[in-house]
Amino acid sequence: MAEERSLNFLEEIIDNDLKTGKYQTIVTRFPPEPNGYLHLGHAKSICLNFGLTVRYGGKTNLRFDDTNPITEETEYVESIKSDVRWLGFNWSEELYASDYFSQLYEFAVKLINKGLAYVDDSTSEEIAAQKGTPTVPGTNNTFRNRSIEENLNLFTEMKAGKYPDGSKVLRAKIDMAHLNMLMRDPVIYRIKHAHHHRTGDAWCIYPMYDFAHGQSDSIEQVTHSICTLEFVPHRELYDWCIEKLEIYPSKQYEFARLNMTYTMMSKRKLLQLVTEKHVTGWDDPRMPTLSGVRRRGYTPEAIRDFCDRIGVAKRENLIDIGLLEFCQRDHLNKITTRRMVVTDPIKVVITNYPEGKSEILTSENNPEDPDSGAREMPFSGELYIERDDFMEVPAKKNFRLAPGQMVRLKVRTLLSAKILLRMLPATLRNCVARIFQKVKVAPILQV
RNA sequence: UGUCCUAUGGUGUAAUGGUAACACUGCAGAUUUUGAUUCUGCCUUUCUAGGUUCGAAUCCUAGUAGGACAACCA
């Protein structure tokens with residue numbers, strides 16, 4: 001039985017929802033926008049969303065939030081899918097917000113019919129100006145009073161492509177004086193005569209995030225819609241849409257995103273690094289993208305362990321990148337086959353080892369893993385050591401090779417005898433040693 | 001001069017009204033046929049002030065600090 005760690009706040013909520021019978025089973029989703037590659041921050045979200053249904057049962061969908069055709073591309077869809085798989089997770093269904101464009105459109109019509117949405121001809125500047133500020137209430141404009149019939153006609157015409165980009169938007173009719181800026185008649189549909197990576201040119205109006213995400217969750221009957229803290233103010237609008245549309249009540253929960261020392265975790269900035277060619281691509285090993293760290297040698301196990309250790313909470317955090325490195329070292333230590341290498345060699349001659357003789361010794365491949373087997377290594381009276389491992393004048397606590405000092409060599413022999421090598425008085429140019437006891441000696445390296 | 005979220009060692013995360021703990025980092029030591037691993041020890045913690053309570057990290061109020069919110073982005 002594994003050590004039972006304490007629950008994070010989301011697990012507590014779910015635990016409770018299951019116990020009280022609010023849900024029989026849970027549904028989560030991982031909702032990336034296909035406008036960039038996944039990074040370590042996404043890994044946290046993936047591990048969270050998928051981890052929850054691994055733990056509690058239920059299912060996690062992969063849903064692409066593709067409501068903005070300008071920035072989204074199929075290349076990103078493919079990379080995201082492969083990165084999620086690489087991390088070790090399998091989604092139940094592969095879904096797209098764009099799959100729901102028709103339903104979303106009908107939802108908008110429903111809102112209009114309920115007198116809860118209107119077409120606004122204002123420019124974005126005007127809309128921004130009318131919105132007020134966090135401390136100053138916004139103001140109503142004349143378009144707000146359009147009749148349901150007029151709104152219906154206009155919206156239909158918007159869909160039909162009668163108007164150019166930016167000339168009209170559909171807005172939810174809520175409250176221009178609301179304390180929450182997002183509730184001040186948010187734009188829910190805009191005109192974009194743009195090619196969509198999936199729907200092609202079928203649409204020229206596209207829903208905004210706030211009119212697509214919650215509805216998509218609802219359509220999929222997502223029980224726990226988990227997102228990052230910056231969406232906290234959106235929750236009120238999320239709930240409003242679901243309530244007014246009278247659809248399945250998915251619930252949104254927010255957690256703090258991952259921040260890491262010395263690490264840029266903004267998709268926008270990472271994109272900039274790529275487009276301005278400061279890096280060789282999204283998978284440049286210096287990038288914190290999953291494809292980047294993968295190329296760098298990170299393993300999915302290490303990243304999952306990392307996500308497990310950093311926890312999930314609601315306070316802003318800054319994780320020391322050293323923790324990620326620790327997780328990787330920890331995993332590598334368990335799985336890595338050992339090899340010895342000398343990068344800057346100096347030759348050592350063992351003067352009392354029979355000239356011309358050589359023998360084969362064996363060494364285990366990984367002391368942490370008994371199943372990893374062993375390898376054979378040749379050994380003779382000439383070997384090479386790292387230049388840094390020799391000091392003519394040894395420092396305090398030095399246990400490298402130095403004149404007159406003894407060192408042990410790593411080797412696997414059948415003998416349990418101590419294996420000692422004694423340096424004779426020597427210089428770098430004239431580096432010799434002799435076997436000090438009746439021993440077998442292993443090579444320090446092979447070159 | 002608004003609303004919302006948050007506040008526990010250096011960094012994270014627990015403790016769910018009843019002895020503040022675990023990991024990472026750092027420092028010291030032991031072991032070591034990888035200066036690795038492993039092991040041991042140490043350093044360091046409840047933002048402030050009130051209140052409720054036998055008892056508060058936990059509940060309440062106020063303050064302070066940090067963050068979010070005024071994209072036809074997500």
Side-chain angles (χ1 to χ4, degrees), chain A residues 3 5-9 12 31-36 65-68 70-72 97 120 122-125 127-138 165-171 178-184 186-192 205-210 212-213 227-236 254 256 258 260-261 267-268 306 308-327 329-330 332-334 336 338-340 363-364 366-368 388-389 397-400 407-413 416 418-420 439 441-442 444:
Chain A
E3 191 82 2
R5 69 167 168 80
S6 54
L7 272 40
N8 66 45
F9 79 102
E12 278 183 22
E33 183 188 9
N35 67 346
D65 237 337
D66 54 352
T67 56
N68 184 358
I70 309 292
T71 55
E72 296 153 3
D120 193 329
S122 307
T123 64
S124 60
E125 292 75 24
I127 289 176
Q130 291 158 7
K131 211 145 204 173
T133 71
T135 53
V136 177
D165 290 8
S167 59
K168 284 179 168 47
V169 290
L170 184 70
R171 291 228 257 169
H178 204 286
L179 289 173
N180 182 347
M181 295 288 292
L182 286 161
M183 299 295 275
R184 321 243 262 227
V187 171
I188 57 178
Y189 258 95
R190 74 291 214 185
I191 302 170
K192 277 181 193 281
I205 56 172
Y206 293 91
M208 297 286 290
Y209 166 86
D210 286 306
H213 199 99
C227 60
T228 47
L229 250 27
E230 66 264 34
F231 291 98
V232 168
H234 292 253
R235 190 174 61 230
E236 197 169 7
E254 311 87 10
L258 166 67
M260 220 163 60
T261 55
K267 246 207 263 187
R268 208 193 96 251
F306 173 71
D308 205 45
R309 285 170 185 266
I310 58 178
V312 177
K314 297 191 75 162
R315 65 189 95 119
E316 301 286 337
N317 59 80
L318 183 61
I319 308 288
D320 191 334
I321 196 170
L323 182 62
L324 210 214
E325 292 166 349
F326 165 81
C327 293
R329 269 185 268 117
D330 197 43
L332 249 22
N333 182 47
K334 293 185 177 75
T336 308
R338 269 58 164 178
R339 287 294 181 269
M340 288 178 278
S363 182
E364 61 198 343
N366 180 1
E368 301 287 324
D388 287 349
D389 286 336
K397 301 191 78 176
N398 170 64
F399 46 97
R400 308 173 191 205
V407 296
R408 290 182 209 180
L409 298 184
K410 173 171 174 57
V411 67
R412 283 278 138 181
T413 71
S416 58
K418 294 268 187 180
I419 293 149
L420 300 175
V439 293
V441 185
I444 286 180

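Residue numbering restarts at 1 for every chain, and letters A, B, ... go by the order of the sequence lines.
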Applying a 3.5 Å limit to both distances, which nucleotide forms a Watson-Crick or G-U wobble pair with [N]?
N	answer
B:C27	B:G41
B:U46	none
B:U1	none
B:G18	B:C54
B:U33	none
B:A65	B:U6

Is a side-chain N or O of [X] found less than 3.5 angstrom from the main chain of [Y], in a donor-acceptor match?
X	Y	value
A:Arg338	A:Asn366	no
A:Arg190	A:Ile205	no
A:Asp210	A:His234	no

Spell out yes or no: do the side chain of A:His234 and the base of B:A74 have one donor N/O and one acceptor N/O closer than 3.5 Å?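 Such a pair is found, so the answer is yes.
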Minimum-distance nucleotide (side-chain atoms of [X] versus [options]):
X	options	answer
A:Pro233	B:A14, B:A68, B:A70	B:A68
A:Asn68	B:C72, B:A74, B:C5	B:A74
A:Ile319	B:G12, B:A74, B:A14	B:G12
A:Glu33	B:A71, B:C24, B:A74	B:A74
A:Leu179	B:U3, B:A74, B:U34	B:U3
A:Met208	B:U13, B:C5, B:C72	B:C72
A:Glu72	B:G12, B:A74, B:A14	B:A74
A:Phe326	B:U25, B:G12, B:A70	B:U25
A:Arg309	B:C72, B:A68, B:C24	B:C24

Base, sugar-phosphate, or nothing for [X], non-hydrogen atoms under 4.0 angstrom?
X	answer
A:Ser122	base
A:Phe231	base
A:Tyr209	base
A:Lys192	sugar-phosphate
A:Val136	nothing
A:Asp65	sugar-phosphate
A:Leu229	nothing
A:Val169	base
A:His213	nothing
A:Glu368	sugar-phosphate

Should [X] be listed as having a side-chain N or O under 4.0 Å from OP1 or OP2 of [N]?
X	N	value
A:Arg315	B:U13	yes
A:Arg190	B:C73	yes
A:Thr123	B:C72	no
A:Arg329	B:U38	no

Can you measure from [atom1] ([X]) to [atom2] ([Y]) and round to the nearest 0.5 angstrom?
X	Y	atom1	atom2	value
A:Lys334	A:Thr336	NZ	OG1	10.5 Å
A:Asp330	A:Phe306	CG	CZ	13.5 Å
A:Lys314	A:Asn8	NZ	CG	12.0 Å
A:Leu323	A:Met260	CG	CE	9.5 Å

So which one's nearest nucleotide on RNA chain B is more toward 5', A:Glu316 or A:Thr135? A:Thr135
Taking for each residue the nucleotide of RNA chain B with the nearest heavy atom, is it A:Thr71 or A:Asn180 whose nucleotide lies nearer the 5' end?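 Nearest-nucleotide comparison on RNA chain B picks A:Asn180.
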Could you check if a side-chain atom of [X] sits within less than 4.5 angstrom of a side-chain atom of [Y], using non-hydrogen atoms only?
X	Y	value
A:Asn317	A:Ile310	no
A:Thr71	A:Glu33	yes
A:Glu236	A:Leu182	no

Pairwise C1' distance, B:U46 and B:G41 [rounded to whole Å]: 25 Å
Dump every N/O contact between nucleotides 42-48 of chain B and the protein below 3.5 Å, one line per pair.
none

